[in-house]
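Heavy-atom basis, side chains included; hydrogens, waters and symmetry copies ignored. Letters go in sequence order (proteins before strands), and every chain restarts at 1.
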Amino acid sequence: MGDHGRVARDRHRRTADHRLRHPLVLRGLPAPLLPLDGRPRPGRAGPVLLLRAGPTREGARLTAAPLPPRFEPAALERRWQEAWDRADLGRAPDRPSSASFSVALPPPNVTGDLHLGHFLGNTVTDLLVRRSRMAGTPTLWLPGIDHAGLSTQVAVRAHLAKEGVHLEDMTREQVIARVESWKQDHERRILNALRVGGFSLDWSRYRYTMDPAYGRATRRAFVQLYNAGLVYRGERFVNWDPALRTAVSDLEVEHSEETARLLYVTYPWADGSPGGIVVATVRPETIFGDVAVAVHPDDPRHAGAVGRTVRVPLVDREVPVIADPGVDPTFGNGALKITPRHDLLDFEIYQRHPGLPMPPDVIDPEGRLTSDWVPVRFRGQDREEARSWVTEALQGAGLLDHETPYLHAVGRSERSHAVIEPRLSTQWFVRMAPLAPAAVEAVRRGEVRLYPARWELTFFRWMENVQDWCISRQVAWGHPIPVYYCPACQQMMAAEEPPTRCDRCQQSPLTPDPDVLDTWFSSWLWPFATLGWPDETPDLAHYFPTSLLETGRDIMFFWVARMMMASYYFLGRPPFTAVFFHGILRDEEGRKLSKHLGNSPDPLDLVRDRGADALRFALVFPNPVDQDGVFGPATLDNARNFLTKVWNLVRFAQSHLPDGTDPPDRAPVLTDDSPLENRWILAKWRSTVEQFDQALRAFEITRAAGLLHSFLWYDLADRYVEVSKEALAGRRGEPLRHETRAVLLFTLERTLRLLHPLVPHVTEELWHSIPHRGDLLALARWPAAEEAPEDPEALVAMEVVYSAIRTLRNLRTENRLAPSSLPPAWVRPSGDDTAAVFRTQRAVILQQARVGALEFLATGTPPPAGSAPSVTVHGEFYLALPTGGSPAERLALERERDKLATLLQKTEQRLADAGFRDRAPPEVLKATQEKARDLADRVRRIEEHLAAEATPGSE
RNA sequence: GGGCCGGUAGUCUAGCGGUGAUGAUGCCGCGCUUACAACGCGGAGAUCGGCGGUUCGAAUCCGUCCCGGCCCA
């Protein structure tokens, strides 16, 4: 870097030092960005700002310090994150005057750190949020975190276990204190990661699902549903997690196929007659809770058994054989032992047979055998352990008839992975059936749109047979259930604030319900509780319903569907009008990224390595965001390479834009003398913007990113810049140099704006290094396609030019011409239009194809001897060879001829078909005929060349 | 058991009735030409999962089978 650069840098460093005395204070949040690991570094007052080319007070910047040759993201990303914080970029207006765009960040769980999936979703959202903000729409992206009750408690429990401390030995208050400190730590790390990613959230509206106001919203929701009879308490079969000693909801159970031993156990006849009835079971340890053996009423094998009495093995308790249609006669021998407290089907059958006694639980909340129905020697044994002991005992008693391996679905707790114990217990439930129709209708009517739309099917299917939701949890960490009991009269009261005395008998004190609410019972209020509900706040008025929910489809039922049900119930409106589901990331071997497999990189490591912008870009391109996609080092390098390309492009532009160049307030006005490349690049930019906007409107994120990628790299860098170098160097005159600078600057500056929402840091840096107006690119106006003129002819003409260039370059390569050589070339254009393009663009073709001359061949004129021919749609091209025709050339021609001949044959066949001629639309017929003519023509010309070369002495 | 999604060059992917089937990456050849070797230029590489049907015409629509992934029970 030259002296000029050093001076400029020093100047900015002074500015930065000045700013240090006014540290940024975010409402309620720690201001300084932390090191990437989220741990504050001791001994430093605050971040050192190294502003190299920061925002300028005067607005219009002339030329900034030259960019360093290498793109090194770390320092510049930090610098711009701080600049955005200073500008309060994410802060949404309190009283917007026009329709808003709002998004609620799916609150990350305080259990863990931000993973790549979060970065993916946040990149998509930030792209839309930043674009919306630049377009002048009042924009809110509201951040927050989720207390994630059960999963946080599990994480803390595991953590404490390593220190030899057991959560179960602690009081509720102690547990909450431990979890709270865990939460503090993770909250800091999550917030840091969100800022390291460059996500433009409104920190002033930061929320937490356990903050006091949120607690009130949660209680309000509960009480309202309770009063409407939609929340009830009852004894039901629930999924019991014996490891965590709590009920969990159906959604928190994962089913997987596992092989078990299916035991055929003999229940001897009570009257002492030989034999008995053979019952198949995978859970012999539950036999102590048996109250009957059931068979299907139509099962001839057991017709004689119904009404008789058998003895339960090992305990000799007598139970009846009953007939019930609920028994599946194909399972085992068709006889089922009935254990009403430990199986839902058994319970249902039990209920249909009055007269049967209700046994005690023979398995306790921790999964151990219990009760005096269980022989003493088995009591206290874990259910899994007891299974083998009981099996052995059955064998010893001669009652184990035989056994077979049996593949069946086993439910495991999502959190603890313990096998779920179906358990009859008293819990709180939400009736879902009355809530579901509004949400289903919303999607059906298009009031809420799902992207990609295929998820609608899955959504409908689930909603249509939604089950009641068990919302009570027997853990410490969570919102307490706002229900109170009177010890005197047993009165039960649900109330937002704890009542002081019983509303029936006036007794006090009251006993609060010991359970807490399922985390999702607070999460399902997120889009409106964060905006102030149940109060009618201005935020709720201005920013609700939100515009978008961006999330993974794995929580469609847990969260998305429930938010819709809650929102329609409590507010009568949708919580959001669009849902975008991103895919699941896989590694390069196609495995799902997961902590468990250890193949899930820490996003912060990737940021440190390649920068947040590269990571953002890699997450949306080239693998489609809305499908499960591959993410690996190659993808990330690809993104980094692209950003380096952009970096270098701007470096090039910068070196050609002298001090004093005006910022591009509008597109340069072209004249009749303007060269094709200037007309073309503006038109191309315009069409890129049109397509880009269209893609974003359709949530085609990857296509949108691809459009900018190819425009910048292939159109702007590879073509426009290469063609314009002569003009920029001043070798085509000052007026053209001036115009070309203006076109280059306009195109580049506007393209940086387009790219900014996707890769905000590097674009901000680059934007500040070229002439621009304004303090921050993040606050610049979103470009309109109409700023540049339409020019379809220029678009076509440039394609013709580049087709010629590619043809000639190909001839050079095939014939192994030295890179430095400038051989003459000839062309016989295929038509007048083409001829005109070649005539006016001769200089461009000469320069880009590196040919010394381009002459036109009149019809009938034979091609120059010893030249290499190539026949394309745009004409015949000939390149002079130093040694005449070459074998390589002949081979290439023959190949081309064969390819075209095959095509021609296929085309002619189609034309010969009477059905095609009669039924194909006229324009298709005409196009096909033209194609056949063109192909025949080209085949003939190639044949001529081959024949000419084969003739001896033709040189 | 029920359902959904996908199967297109080595890999990933676009197209979803008329194309010479996108594009990226990887691969091969040439080249450090002062924005860029994290690059440029050129090239090779695909019977569009199999079979059958509809149609003048199928990667595209229908049926069926096979393979992979996911969800629900």
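Between Gln848(A) atom CD and rG42(B) atom C1' there is a gap of 15 Å when expressed in whole angstrom units. One atom, CE of Met463(A), and another, P of rC71(B), lie 20 Å apart when rounded to the nearest Å. Rounded to an integer number of Å, the gap from CG of Leu345(A) to C1' of rA73(B) is 14 Å. We find that NZ of Lys645(A) is positioned 6 Å from C1' of rC39(B), with the value rounded to whole Å. We find that CG of Leu879(A) is positioned 14 Å from P of rG42(B), with the value rounded to whole Å. Atom-to-atom, CZ of Arg895(A) to C1' of rA44(B) comes out at 7 Å; the value is rounded to the nearest Å.
Among the atoms of the strands shown, base atoms are found under 4.0 Å from some heavy atom of Val873(A). Within 4.0 Å of Arg917(A), counting heavy atoms only, lies no atom of the nucleic acid at all. Looking at heavy-atom distances under 4.0 Å, Arg640(A) makes contact with a base. Contact annotation for Pro69(A): no contact, since no heavy-atom pair falls under 4.0 Å across all strands. Within the nucleic acid shown, Leu900(A) comes within 4.0 Å of at least one base atom, counting heavy atoms only. Contact annotation for Ala717(A): base contact, defined as any heavy-atom pair under 4.0 Å involving a base atom. Looking at heavy-atom distances under 4.0 Å, Asp554(A) makes no contact with the nucleic acid at all. Nucleic acid contact for Lys725(A): base, since at least one base atom lies under 4.0 Å from a heavy atom of the residue. Residue Val721(A) is classed as a base contact, given a heavy-atom separation below 4.0 Å to a base. Thr644(A) comes within 4.0 angstrom of a nucleotide base, judged by non-hydrogen atoms across all strands. Counting non-hydrogen atoms under 4.0 angstrom, Arg919(A) reaches a base of the nucleic acid. Counting non-hydrogen atoms under 4.0 angstrom, Asp918(A) reaches nothing in the nucleic acid.
The partner of rA35(B), taking Watson-Crick or G-U wobble pairs whose two distances both stay under 3.5 Å, does not exist in any strand shown. Base-pair partner of rA24(B): rU11(B) (Watson-Crick or G-U wobble, both distances under 3.5 Å). Under the Watson-Crick or G-U wobble criterion, with both distances below 3.5 Å, rC41(B) is paired with rG29(B). Across all strands shown, rG68(B) forms a Watson-Crick or G-U wobble pair with rC5(B), both key distances being under 3.5 Å. Remark: rG57(B) base-pairs with no nucleotide; criterion is Watson-Crick or G-U wobble with both hydrogen-bond distances under 3.5 Å. In this structure rG17(B) sits in no base pair that meets the Watson-Crick or G-U test at under 3.5 Å.
Checked against rG18(B), rA35(B), rC56(B), the side chain of Leu649(A) finds its nearest nucleotide in rA35(B). Closest to the side chain of Arg806(A), from the set rG42(B), rG3(B), rC70(B), is rG42(B). Picking from rA35(B), rC39(B), rA73(B) the nucleotide with the shortest atom distance to the side chain of Glu257(A) gives rA73(B). Among the nucleotides rA24(B), rG40(B), rG2(B), the one closest to the side chain of Tyr714(A) is rA24(B). Picking from rC5(B), rG42(B), rG31(B) the nucleotide with the shortest atom distance to the side chain of Thr813(A) gives rG42(B). With rU13(B), rA35(B), rC41(B) as the choices, the nucleotide that has an atom nearest any side-chain atom of Arg809(A) turns out to be rC41(B). Of the candidate nucleotides rA14(B), rC4(B), rG2(B), rA14(B) has the atom nearest to the side chain of Pro624(A). Of all nucleotides listed (rA35(B), rG18(B), rG29(B)), rG18(B) comes nearest to the side chain of Pro921(A). The side chain of Arg816(A) lies closest to rG29(B), out of rG29(B), rC36(B), rC56(B).
Between Arg917(A) and Asp913(A), none of the side-chain N atoms (NZ, or NE/NH1/NH2) sits under 4.0 Å from a carboxylate O, so this pair counts as no salt bridge. Note on Asp605(A) versus Arg610(A): no salt bridge recorded, every NZ/NE/NH1/NH2 to OD/OE distance being 4.0 Å or above.
The two atoms that bring Ala612(A) and His761(A) nearest to each other are CB-CE1, 3.9 Å, heavy atoms only.
A 6.0 Å sphere centred on CZ of Arg283(A) holds more than 12 heavy atoms belonging to other residues, nucleotides or ligands.
Between Leu585(A) and Leu619(A), some side-chain heavy-atom pair lies under the 4.5 Å cut-off.
Ring pair Phe581(A)/Tyr451(A): centre-to-centre distance not below 6.0 Å. Side-chain rings of Phe331(A) and Tyr406(A) approach one another, their centers coming within less than 6.0 Å.
In this model, the phosphate group of rA14(B) is approached by a side-chain N or O of Gln627(A) to a distance below 4.0 Å at OP1 or OP2. Distances shorter than 4.0 Å separate some side-chain N or O of Asn641(A) from OP1 or OP2 on rC39(B). Listed pair Asn810(A) / rG43(B) meets the phosphate criterion, a side-chain N or O lying under 4.0 Å from OP1 or OP2. Dashed line: the shortest gap from a side-chain N or O of Arg910(A) to OP1 or OP2 of rG57(B) is not under 4.0 Å. For the OP1/OP2 pair of rU25(B) and a distance below 4.0 Å, the side-chain nitrogens and oxygens of Asn638(A) include at least one atom meeting the criterion. Of the side-chain N and O atoms in Trp713(A), one or more sit less than 4.0 angstrom from OP1 or OP2 of rG40(B).
Side-chain N or O atoms of Trp455(A) include none that pairs as donor or acceptor with a backbone N or O of Phe580(A) at under 3.5 Å.
For rA14(B), its base never sits under 3.5 Å from the side chain of Glu700(A) at any donor and acceptor pair.
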